[in-house]
2 protein chains.
Amino acid sequence: MSEAVSRPTLEAVAARAGVSRATVSRVVNGGDGVREPLVERVRRAVEELGYVPNQAARSLVTRRHDAVAVVIAEPETRIFTDPFFALQLRGISKELTAQDNQLVLLLTEGRDDHARVARYLAGGHVDGALVFSLHLDDPLPGLIEGAGVPTVFGGRPGWGGGSNTARYVDCDNRGGAEDAVRHLVGLGRTRIAHITGPLDQTSAADRLQGYLDVMGEVMGESDPRLVVASDFTPSGGERAMGELLDRCPDVDAVFAANDLTALGALRVLREHGRRVPEDVAVIGFDDVLPVAEQTEPPLTTVRQDIEEMGRLMTRLLLSTLTRGGPAAGAPAGVVLPTTLVRRATA
Amino acid sequence: MSEAVSRPTLEAVAARAGVSRATVSRVVNGGDGVREPLVERVRRAVEELGYVPNQAARSLVTRRHDAVAVVIAEPETRIFTDPFFALQLRGISKELTAQDNQLVLLLTEGRDDHARVARYLAGGHVDGALVFSLHLDDPLPGLIEGAGVPTVFGGRPGWGGGSNTARYVDCDNRGGAEDAVRHLVGLGRTRIAHITGPLDQTSAADRLQGYLDVMGEVMGESDPRLVVASDFTPSGGERAMGELLDRCPDVDAVFAANDLTALGALRVLREHGRRVPEDVAVIGFDDVLPVAEQTEPPLTTVRQDIEEMGRLMTRLLLSTLTRGGPAAGAPAGVVLPTTLVRRATA
DNA sequence: GGCGGAGGTGAGAGCGCTCTCGGCGGCGCC
DNA sequence: GGCGCCGCCGAGAGCGCTCTCACCTCCGCC
């Protein structure tokens with residue numbers, strides 16, 4: 001009810017200012033090539049009428065929407081319990097608003113949604129897409145490529161889908177893992193275990209590789225029983241830690257693939273009466289707050305600047321949009337450094 | 001480069017199917033009043049050309065966008081450390097996609113952004129708005145009302161802004177608080193403290209009121225030193241708990257305004273050598289996972305179905321959109337029940 | 001068998017904006 | 001002082017869609 005009186009159009013502003021629609025349009029879009037007295041008159045008319053441009057009409061002709069889609073393709077169990085995505089979103093949002101773009105959030109709940117997302121992207125509602133959490137066998141990259149929408153991925157895409165030139169931003173998963181394991185070695189630990197993430201994600205696979213590298217290099221060979229697969233969740237961390245204690249009761253250090261996994265591992269260690277870090281040292285990955293700070297004891301972990309990743313992805317995407325196509329010499333991927341944050345567990 | 005060949009238009013489909021644009025439009029929008037042979041021909045043409053309607057053009061004439069904005073107006077410290085918002089978002093996203101609407105996320109970082117949000121909403125990019133986390137003195141409700149966009153609030157709006165008929169979805173903050181305090185009383189506790197949230201938010205104010213109600217009713221009068229103000233964050237909970245132990249060393253129970261506050265309180269209690277729940281019982285509010293489950297010991301708390309709140313808000317908003325204006329008899333606010341979840345701290 | 005009506009289809013006018021292009025005025029130059 | 005050029009502004013043609021309205025066909029009825 002009280003259907004707001006229809007909003008003023010360009011036409012109305014033009015009439016009030018006594019100029020043509022073209023002039024109003026020019027002023028509204030930056031005012032280049034319009035002389036001062038007219039600019040002022042138009043500005044006042046806009047002000048008085050409370051004119052706000054109709055974005056639909058503008059998009060229709062410019063084919064720009066000033067909006068980008070953020071696609072998070074993650075089984076629902078993880079999307080929101082892990083602050084990881086939230087932090088990414090914050091970085092993205094900041095950068096996007098700084099550049100006057102809108103954020104359209106697409107959360108997928110399972111594979112069926114992929115088609116919906118692809119259709120949406122193909123519909124040309126947005127200028128580009130930021131895509132997260134791909135799995136190796138995921139059909140989404142292919143679908144997105146088909147939709148012809150400029151895209152930047154969060155995390156290195158697996159080799160399965162898409163061309164090799166896919167643009168992405170990632171952190172140095174392998175290097176970070178190496179630092180963590182080296183730190184444990186430096187602490188004098190010799191039975192160093194790794195609880196992996198889901199290995200169909202490159203982040204988890206890369207972290208495992210970093211672990212294996214250092215173990216191979218320092219220990220000569222790594223005991224395969226020290227590696228146990230998990231899924232980035234606290235309960236997965238609990239299960240994995242339990243299994244690990246069964247298999248290798250002499251374990252004296254654990255490198256967990258992320259902080260939530262470490263959280264679960266810590267609980268199980270405590271339940272089994274192992275002291276941390278005296279008996280078993282623990283290192284996580286991500287440094288998501290407040291989780292990492294609030295574990296008991298506070299977690300030593302590999303920090304990646306998640307928010308910065310989000311910002312960088314956004315900047316990368318927007319730059320390809322304005323320059324019309326990816327800059328020729330631009331690198332396909334950007335890899336951010338990690339730092340080891342020492343707290344109490346290692 | 002390789003600017004994707006321009007997407008097919010209605011016109012092209014019409015030509016291929018040998019019908020008029022109007023007919024294609026009819027088929028695409030449900031196909032009412034078009035005879036079978038034509039429907040089939042149009043469908044095939046759409047398929048073959050890979051036609052996807054241009055939403056901008058459609059919006060231009062229908063004035064519908066099939067998109068709603070989600071506005072989260074929260075100081076950045078809290079937006080993402082509290083899983084609360086994430087869960088809301090999930091509920092909203094589910095309901096929105098179920099009804100073929102898109103989610104435009106607007107995060108505000110401080111007051112300056114309010115104007116930007118208001119301008120965006122006034123721009124008529126979205127059909128409605130879902131607004132969270134209002135503070136009593138917040139100018140946003142007024143601005144939004146001015147923008148003339150149908151809105152549903154998350155949480156009861158304060159009396160300061162907007163008309164009394166503002167639509168909202170909330171949980172029974174007062175009743176939940178009462179349950180919590182009554183439970184503590186039932187445990188035989190007599191020195192029951194409350195760490196509040198930011199009292200300029202109705203959720204925090206209502207929880208305090210519930211606490212005061214029961215304390216007044218059961219204890220006759222409540223010791224004002226047992227109430228200490230905080231801000232819904234873990235570190236705020238730590239500060240408050242420290243203060244509380246100073247003031248009232250004989251405290252034997254704490255009702256914290258939310259789980260994160262309880263988390264901080266638990267840490268301080270542990271540091272001071274108080275056993276939980278033997279010496280001091282603790283109850284939180286929200287039951288946000290994994291926080292509540294993973295505290296040490298696991299937290300007893302008042303559960304609200306956050307995701308359901310999000311879904312409900314969305315349904316409420318969309319129903320007002322399709323029916324053209326809020327249904328006359330519809331209630332302004334919906335209040336969801338809470339349940340006490342007993343874990344180990346009380 | 002003719003006429004009224006209902007049901008299907010097409011023509012055309014916009015929705016509000018951008019952008020090209022042509023015109024007009026003012027300046028610098030010889 | 002006249003000519004050319006440049007710089008500013010306005011007219012007008014769409015962008016791709018929806019939706020009204022008029023037309024046309026075909027059925028049922030007397």
Side-chain angles (χ1 to χ4, degrees), chain A residues 3-43 45-46 49-67 100 122-127 322 324, chain B residues 3-43 45-46 49-67 122-127 324:
Chain A
E3 181 53 51
V5 57
S6 67
R7 301 191 295 114
T9 74
L10 238 204
E11 181 78 51
V13 176
R16 180 168 195 114
V19 298
S20 74
R21 297 201 323 273
T23 299
V24 177
S25 178
R26 277 189 273 257
V27 171
V28 168
N29 293 296
D32 308 326
V34 179
R35 247 180 310 215
E36 196 36 63
L38 283 201
V39 172
E40 189 45 41
R41 247 164 58 207
V42 171
R43 288 252 158 80
V46 165
L49 266 51
Y51 169 72
V52 185
N54 180 322
Q55 186 65 29
R58 171 181 279 168
S59 296
L60 183 54
V61 25
T62 60
R63 274 106 205 292
R64 277 275 282 174
H65 301 84
D66 296 319
D100 258 313
H125 306 255
V126 292
D127 301 324
T322 52
Chain B
E3 180 54 51
V5 58
S6 65
R7 302 190 295 115
T9 74
L10 238 205
E11 181 79 51
V13 176
R16 180 169 193 111
V19 298
S20 73
R21 296 199 324 274
T23 299
V24 177
S25 177
R26 277 189 272 256
V27 171
V28 168
N29 292 297
D32 308 326
V34 179
R35 248 182 308 217
E36 198 35 63
L38 283 201
V39 172
E40 189 45 42
R41 246 159 65 202
V42 171
R43 288 251 158 80
V46 165
L49 265 47
Y51 170 73
V52 185
N54 180 323
Q55 187 65 29
R58 172 181 279 170
S59 295
L60 183 53
V61 25
T62 59
R63 271 109 206 291
R64 276 276 280 174
H65 301 84
D66 295 318
H125 305 254
V126 292
D127 301 323

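Quick note on labels: first sequence line is chain A, next is B, and so on, each numbered from 1.
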Look at the side chain of R26(B) and the base of dG10(C), then say whether one donor and one acceptor between them are separated by less than 3.5 Å.
yes

Tell me whether the side-chain N or O atoms of R21(A) pair up with the base of dT18(C) as donor and acceptor below 3.5 Å, since no angle test is needed here.
yes

Tell me whether the OP1 or OP2 atom of [N] has a side-chain N or O from [X] closer than 4.0 Å.
X: R64(A); N: dT18(C); answer: no
X: R58(B); N: dT18(D); answer: yes
X: S20(A); N: dG10(D); answer: yes
X: N29(A); N: dT18(C); answer: yes
X: R63(A); N: dG16(D); answer: yes
X: S25(A); N: dT18(C); answer: yes

Would you say the side-chain atoms of [X] pair up with the backbone N or O of [Y], donor to acceptor, closer than 3.5 Å?
X: S25(A); Y: R21(A); result: no
X: D127(A); Y: R64(A); result: no
X: R7(B); Y: V52(B); result: yes

Closest nucleotide among [options] to the [X] side chain:
X: V61(A); options: dC17(D), dT9(C), dC15(D); value: dC15(D)
X: Y51(A); options: dC17(C), dG16(D), dT9(C); value: dC17(C)
X: A22(B); options: dA11(C), dG16(D), dT9(C); value: dA11(C)

[X] [atom1] - [N] [atom2] separation (whole Å):
X: E11(B); N: dC15(D); atom1: CD; atom2: C1'; result: 13 Å
X: N54(A); N: dC17(C); atom1: CG; atom2: C1'; result: 8 Å
X: L38(B); N: dG8(C); atom1: CG; atom2: P; result: 11 Å
X: R41(B); N: dG8(C); atom1: CZ; atom2: P; result: 16 Å
X: H65(A); N: dG16(D); atom1: NE2; atom2: C1'; result: 11 Å
X: E36(A); N: dC9(D); atom1: CD; atom2: P; result: 10 Å
X: L49(B); N: dG16(D); atom1: CG; atom2: C1'; result: 15 Å
X: Q55(B); N: dG16(D); atom1: CD; atom2: P; result: 15 Å

Side-chain heavy atoms of N29(A) within contact of R58(A), under 4.5 Å:
yes

Close side-chain approach of V24(B) and V19(B), heavy atoms under 4.5 Å
yes

Quick one: on DNA chain C, does V19(B) or A57(B) contact a more 5' nucleotide (nearest heavy atom)?
V19(B)

